[in-house]
Chemist: 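Right, I'll just put the structure down here and ask away after.
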Amino acid sequence: MDEQAPEPGGFLPPSLPSPAPSSASSSSARSNLPHPRSHPLRAGSAKEDAARRYVEGRLLHISRRYTKKFQPVEESRLEDVKGYESMGQVAKDFGEIVDVVWLSGTPSLQIPYLLNIAGSVNTYLPAFPPSPKSTFRLLRKLDHAFSSLLKGEDSDTGEVLPGFERGMRGGMSKTDMVRCKGLVETARVLIVDVMNKEPELDENIEESGGEIDPEEDAEMDADEQKFEMDVAGLYEQTIMQLGEQLDGNGGFGVVS
């Protein structure tokens with residue numbers, strides 16, 4: 001059935017339809033995106049309007065928290081919204097919205113909101129020390145989503161996406177693709193600079209006051225190697241699909 005009670009987690013509003021429990025599992029081990037509902041929300045319906053209002057409200061809340069980061073502590077304490085302290089907090093909030101948008105199974109919501117989120121991530125990234133695990137977790141979700149929308153099918157499973165049963169008419173326009181390409185190119189440049197900064201302490205070691213034992217040190221080295229691979233492979237699937245759509249040669253063209 002299309003309408004079910006929201007899954008635990010607190011970020012799905014009662015008015016947003018969610019998939020049945022049997023299909024609510026992740027559609028990809030790579031990105032952990034949830035499986036979308038089987039049919040898009042009807043254009044102009046109350047449910048579509050509720051989804052828009054919910055997502056826009058959450059995006060506004062994130063924007064307010066980001067703005068609060070730059071206010072004096074004394075002034076910020078007087079407000080009801082607390083500023084972000086880490087990119088990990090930002091990535092968590094954006095990740096929850098990405099999940100909701102993807103669950104909607106509605107390209108007319110997915111495409112503009114995901115492009116909006118990708119642009120905001122690019123803006124916010126340089127303002128914080130790196131949080132590699134949470135940042136790449138979010139970026140893998142976006143890569144999976146964009147590459148799937150560009151194909152009209154899940155880029156991992158090959159399953160046709162809701163709204164694409166009759167072809168690509170409801171997919172990304174050429175303008176969307178050009179915008180997506182710009183966002184991807186910017187992210188790939190930004191991520192190198194950001195990840196060269198000192199990382200947030202709580203992503204590497206617990207603040208126990210003790211020394212790092214050899215096993216923990218080895219784990220950190222392994223994590224560093226993985227993050228280097230994540231940097232090199234950032235938006236890899238999206239790049240491939242954009243290359244096919246915009247350049248017609250499977251490549252990404254020359255970045256000027």
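When a residue number appears, it is its place in the shown sequence, counting from 1. Values below: all heavy atoms of this structure, side chains included; hydrogens, waters and symmetry mates excluded.
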Chemist: Taking only residues two or more places apart in sequence or in another chain, which ones pass side chain to side chain donor-acceptor pair (under 3.5 Å) with Asp49?
Modeler: Arg53
Chemist: Do Asp193 and Leu125 come close enough that some side-chain heavy atom pair is under 4.5 Å?
Modeler: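 No; the side chains remain at least 4.5 Å from each other.
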Chemist: Flag yes if Leu60 and Tyr66 sit in one hydrophobic cluster, no otherwise; membership is Ile, Leu, Val, Met, Phe, Trp, Tyr, and two members link when side-chain heavy atoms are under 4.5 Å apart.
Modeler: no
Chemist: Working note: Lys141 + Asp99, criterion side chain to side chain contact (heavy atoms under 4.5 Å, CB included); need CA distance, chi angles, decisive distance, verdict.
Modeler: CA-CA 8 Å; Lys141 283 179 184 274; Asp99 286 345; 2.7 Å; yes
Chemist: Measuring from atom CG of Leu149 to atom SG of Cys180, what distance do you get when rounded to the nearest 0.5 angstrom?
Modeler: 9.0 Å
Chemist: Hey, which of Glu153, Gln241, Glu236 is the one that makes side chain to side chain contact (heavy atoms under 4.5 Å, CB included) with Ser147?
Modeler: Gln241
Chemist: Leu139 versus Phe94: any side-chain heavy-atom pair under 4.5 Å?
Modeler: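 Leu139 vs Phe94: side chains apart.
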Chemist: Closest approach of Val81 and Lys68, non-hydrogen atoms and distance?
Modeler: O-CG, 3.7 Å
Chemist: What's the separation between atom CE in Met240 and atom NZ in Lys151, rounded to the nearest 0.5 Å?
Modeler: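 So the gap between those two atoms works out to 8.0 Å.
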Chemist: Less than 4.5 Å apart, side chain to side chain, heavy atoms only: is that true for Asn32 and Arg137?
Modeler: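 Counting from C-beta outward, Asn32 and Arg137 never come under 4.5 Å.
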Chemist: Could you give the distance from CD (Gln237) to CZ (Phe146), rounded to the nearest 0.5 Å?
Modeler: 14.0 Å
Chemist: Do Pro130 and Met195 come within less than 4.5 Å of each other through their side chains, counting heavy atoms only?
Modeler: yes
Chemist: Listed by chain and number, what are the salt bridge (Lys or Arg N to Asp or Glu O under 4.0 Å) partners of Arg52, not counting sequence neighbours?
Modeler: Glu48
Chemist: How long is the span from the CD atom in Gln110 to the CG atom in Leu115, to the nearest 0.5 Å?
Modeler: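 Gln110 CD to Leu115 CG: 11.5 Å, rounded to 0.5 Å.
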Chemist: Indicate, with yes or no, if the rings of Tyr84 and Tyr124 have centres closer together than 6.0 Å.
Modeler: no
Chemist: Heavy-atom distance under 4.5 Å between the side chains of Glu185 and Arg188, does that happen here?
Modeler: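 In short, these two side chains do not touch, never coming nearer than 4.5 Å.
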Chemist: How would you list, by chain and number, every residue that makes a salt bridge (Lys or Arg N to Asp or Glu O under 4.0 Å) with Lys92, sequence neighbours excluded?
Modeler: Glu96
Chemist: Without placing hydrogens or testing angles, list every side-chain donor-acceptor pair under 3.5 Å for residues 168-176, not counting sequence neighbours.
Modeler:
residue	atom	partner	partner atom	Å
Ser173	OG	Thr175	N	3.4
Ser173	OG	Asp176	N	3.1
Ser173	OG	Asp176	OD2	3.1
Asp176	OD2	Ser173	N	3.1

Chemist: Below 4.5 Å, heavy atoms only, C-beta onward: do Asp154 and His144 meet side chain to side chain?
Modeler: yes
Chemist: Any chance you could lay out the side chain to side chain contact (heavy atoms under 4.5 Å, CB included) test for Thr135 and Val90, step after step, and finish with the verdict?
Modeler: CA-CA 9 Å; Thr135 299; Val90 176; over 6 Å; no
Chemist: Measure from the side-chain N and O atoms of Asn196 to the backbone N and O of Val192, and report whether any donor-acceptor pair falls under 3.5 Å.
Modeler: yes
Chemist: If you compare all heavy atoms of Ser134 against all heavy atoms of Ala91, which two are closest, and at what distance to 0.1 Å?
Modeler: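 The answer is O-CB, 3.6 Å.
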Chemist: For residues Ala118 and Tyr235, report the shortest heavy-atom separation together with the two atoms involved.
Modeler: CB-OH, 4.0 Å
Chemist: Minimum heavy-atom separation for Gly88 to Ser131, with atom names?
Modeler: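 Shortest heavy-atom contact: N-OG, 3.3 Å.
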Chemist: Tell me whether Ile191 is reachable from Val189 by hopping between hydrophobic residues (I, L, V, M, F, W, Y) whose side-chain heavy atoms are closer than 4.5 Å.
Modeler: no
Chemist: With the side chain counted from C-beta on, respond yes when Ile97 and Ile117 share a heavy-atom pair under 4.5 Å apart, and no when they do not.
Modeler: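 Heavy-atom side-chain distance check passes, below 4.5 Å.
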Chemist: In Å, rounded to the nearest 0.5 Å, how long is the span from CD of Gln89 to NZ of Lys82?
Modeler: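 Spacing of CD (Gln89) from NZ (Lys82) equals 7.0 Å.
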Chemist: Only counting residues at least two apart or in another chain, list the ones meeting salt bridge (Lys or Arg N to Asp or Glu O under 4.0 Å) with Asp93.
Modeler: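 Once residues adjacent in sequence are excluded, the partners of Asp93 under the salt bridge (Lys or Arg N to Asp or Glu O under 4.0 Å) criterion are Arg65.
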Chemist: Do Leu190 and Leu114 sit in one hydrophobic cluster, given that two such residues count as connected whenever their side-chain heavy atoms are within less than 4.5 Å of each other, even indirectly?
Modeler: no
Chemist: Minimum heavy-atom separation for Val121 and Met87, please, with both atom names.
Modeler: CG1-CE, 4.3 Å
Chemist: Does Leu242 offer a backbone N or O that forms a donor-acceptor pair with the side chain of Glu244 under 3.5 Å?
Modeler: no
Chemist: Taking the side chain from Asn122 and the backbone from Leu183, do they hold a donor-acceptor pair closer than 3.5 Å?
Modeler: yes
Chemist: Shortest non-hydrogen contact from Leu234 to Ile239?
Modeler: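 Nearest pair, atom of Leu234 first, then Ile239: O-CD1, 3.8 Å.
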Chemist: Does Pro36 reach the side chain of Leu103, with side-chain heavy atoms less than 4.5 Å apart?
Modeler: no
Chemist: To the nearest 0.5 Å, tell me how far Ser155 OG sits from Asp143 CG.
Modeler: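 One finds 7.0 Å between OG of Ser155 and CG of Asp143.
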Chemist: Indicate, with yes or no, if Leu142 and Met177 share a hydrophobic cluster defined by side-chain heavy-atom contacts under 4.5 Å among Ile, Leu, Val, Met, Phe, Trp and Tyr.
Modeler: yes
Chemist: Before giving the answer on side chain to side chain contact (heavy atoms under 4.5 Å, CB included), spell out for Leu161 and Ser148 the whole-Å C-alpha distance, their side-chain angles and the decisive distance to 0.1 Å.
Modeler: CA-CA 8 Å; Leu161 296 179; Ser148 298; 3.9 Å; yes
Chemist: Please name all residues satisfying side chain to side chain donor-acceptor pair (under 3.5 Å) with Tyr113, sequence neighbours left out, ordered by chain then number.
Modeler: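 Expected list: Glu56.
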Chemist: For Val101, is there any backbone N or O sitting under 3.5 Å from a side-chain donor or acceptor partner on Ser104?
Modeler: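 Confirmed, Ser104 side chain pairs with Val101 backbone.
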